[in-house]
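Note sheet for the following structure.
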Amino acid sequence: RVQLVESGGDSVASGGSLRLSCATFGVISGYYLGWFRQAPGKEREGVASIYTVTGEPHYADSVKGRFTISQDNPKNTLYLLMDSLKPDDTAMYYCAAIWRDYYRGLSDLWSATGDRGQGTQVTVSS
């Protein structure tokens, strides 16, 4: 299993930027790491993922061009740089890890076969 601890959530004005961090504990090579979010009254949404072996990223259409996912292997840390934030981005953001054999797309990030952190809140005001 992989342990994950998120940080970096905050309240920002529309158009602002934030960088979320996720410290990982355990062997992560061969996993997909990613972020999903959930806002009150809305469905969970996969935001972005990255394959630890190749660094290949995937993004939801809603964040493409605004968010950037990256990994710092020596620091065992996953990042999500969020630019041009909108009020619709307001949500609890969760870091997730799922073994490559169980990953087919962003919606697998909250699968019971994976691991997730406790979440960090992002609030964007208009």
Side-chain angles (χ1 to χ4, degrees):
R1 308 295 288 190
V2 179
Q3 289 185 299
L4 307 151
V5 179
E6 305 96 333
S7 61
D10 206 343
S11 297
V12 297
S14 182
S17 298
L18 277 177
R19 189 180 76 163
L20 304 183
S21 300
C22 174
T24 67
F25 302 90
V27 177
I28 60 171
S29 180
Y31 279 77
Y32 280 84
L33 301 179
W35 298 88
F36 67 92
R37 64 188 180 186
Q38 184 155 30
K42 294 186 179 180
E43 294 186 355
R44 286 174 184 167
E45 180 185 17
V47 174
S49 70
I50 189 167
Y51 183 39
T52 54
V53 175
T54 63
E56 180 183 3
H58 294 105
Y59 297 97
D61 288 343
S62 59
V63 306
K64 204 170 289 183
R66 300 188 298 122
F67 290 12
T68 304
I69 190 170
S70 62
Q71 57 181 356
D72 185 331
N73 289 333
K75 294 183 179 180
N76 293 324
T77 303
L78 178 73
Y79 299 104
L80 184 69
L81 177 62
M82 306 185 293
D83 294 320
S84 302
L85 282 162
K86 306 173 183 180
D88 282 348
D89 295 318
T90 295
M92 185 71 79
Y93 283 72
Y94 297 89
C95 178
I98 185 163
W99 180 246
R100 60 190 175 200
D101 290 350
Y102 300 117
Y103 181 84
R104 293 292 178 269
L106 292 173
S107 62
D108 288 321
L109 289 174
W110 57 85
S111 167
T113 58
D115 300 298
R116 70 190 70 172
Q118 294 300 307
T120 187
Q121 178 68 37
V122 172
T123 302
V124 184
S125 58
S126 57

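The chain is numbered in sequence order, starting from 1.
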Rounded distance (nearest 0.5 Å) linking atom [atom1] of [X] with atom [atom2] of [Y]:
{"X": "Phe36", "Y": "Cys95", "atom1": "CZ", "atom2": "SG", "answer": "9.0 Å"}
{"X": "Ser49", "Y": "His58", "atom1": "OG", "atom2": "NE2", "answer": "5.5 Å"}
{"X": "Leu4", "Y": "Trp35", "atom1": "CG", "atom2": "CH2", "answer": "9.0 Å"}
{"X": "Met82", "Y": "Ile69", "atom1": "CE", "atom2": "CD1", "answer": "11.5 Å"}
{"X": "Leu78", "Y": "Ser21", "atom1": "CG", "atom2": "OG", "answer": "8.5 Å"}
{"X": "Ile98", "Y": "Ser111", "atom1": "CD1", "atom2": "OG", "answer": "4.5 Å"}

Handout entry: salt bridge (Lys or Arg N to Asp or Glu O under 4.0 Å), paired with Arg66, selected from Asp89, Asp88, Asp83
Key = Asp89

Problem - Minimum side-chain heavy-atom gap Leu20-Thr120 below 4.5 Å - result: yes

Problem - Minimum side-chain heavy-atom gap Phe67-Val47 below 4.5 Å - result: yes

Practice task
Among Thr123, Val122, Val124, find the one that has a side-chain contact (heavy atoms from CB on, under 4.5 Å) with Ser11.
Solution key: Thr123

Exercise for the section: Kindly determine whether Thr77 and Thr24 satisfy side chain to side chain contact (heavy atoms under 4.5 Å, CB included), including the steps that lead there. Expected result: CA-CA 6 Å; Thr77 303; Thr24 67; over 6 Å; no

Exercise for the section: Decide whether Tyr93 and Arg37 meet the rule of one side-chain donor and one side-chain acceptor closer than 3.5 Å. Expected result: yes

Practice task
Using distance alone, with no hydrogens and no angle criterion, decide if Glu45 and Ser62 have a side-chain donor and acceptor under 3.5 Å apart.
Solution key: yes

Exercise for the section: Could you tell me whether Gln3 atom CD has more than 12 heavy atoms of other residues or ligands within 6.0 Å of it? Expected result: no

Exercise for the section: Can you see which heavy atom on Pro87 is nearest to which on Ser14, and at what distance? Expected result: CD-OG, 3.8 Å

Fill in the blank from the handout: Between Tyr59 and Pro57 the two heavy atoms that sit nearest each other are CE1-CB, 3.8 Å

Same hydrophobic cluster for [X] and [Y], using side-chain heavy-atom links shorter than 4.5 Å among ILVMFWY?
{"X": "Leu18", "Y": "Val5", "result": "no"}
{"X": "Trp99", "Y": "Leu106", "result": "yes"}
{"X": "Met92", "Y": "Tyr79", "result": "no"}
{"X": "Tyr102", "Y": "Tyr31", "result": "yes"}

Problem - CA sep, side-chain torsions, deciding dist, call: Leu80, Thr68, side chain to side chain contact (heavy atoms under 4.5 Å, CB included) - result: CA-CA 6 Å; Leu80 184 69; Thr68 304; over 6 Å; no

Handout entry: Arg116 to Tyr94, cation-pi by 6.0 Å centre distance and 45° axis angle
Key = no

Exercise for the section: Identify which one of Trp110, Tyr32, Tyr51 satisfies the ring pair (Phe, Tyr, Trp, His ring centres under 6.0 Å) criterion when paired with Tyr103. Expected result: Tyr32

Problem - Cluster companions of Leu81 among Ile, Leu, Val, Met, Phe, Trp, Tyr (side-chain spacing under 4.5 Å) - result: none

Practice task
Could you tell me whether a side-chain N or O of Asp115 sits under 3.5 Å from a main-chain N or O of Val2, the two making a donor and an acceptor?
Solution key: yes

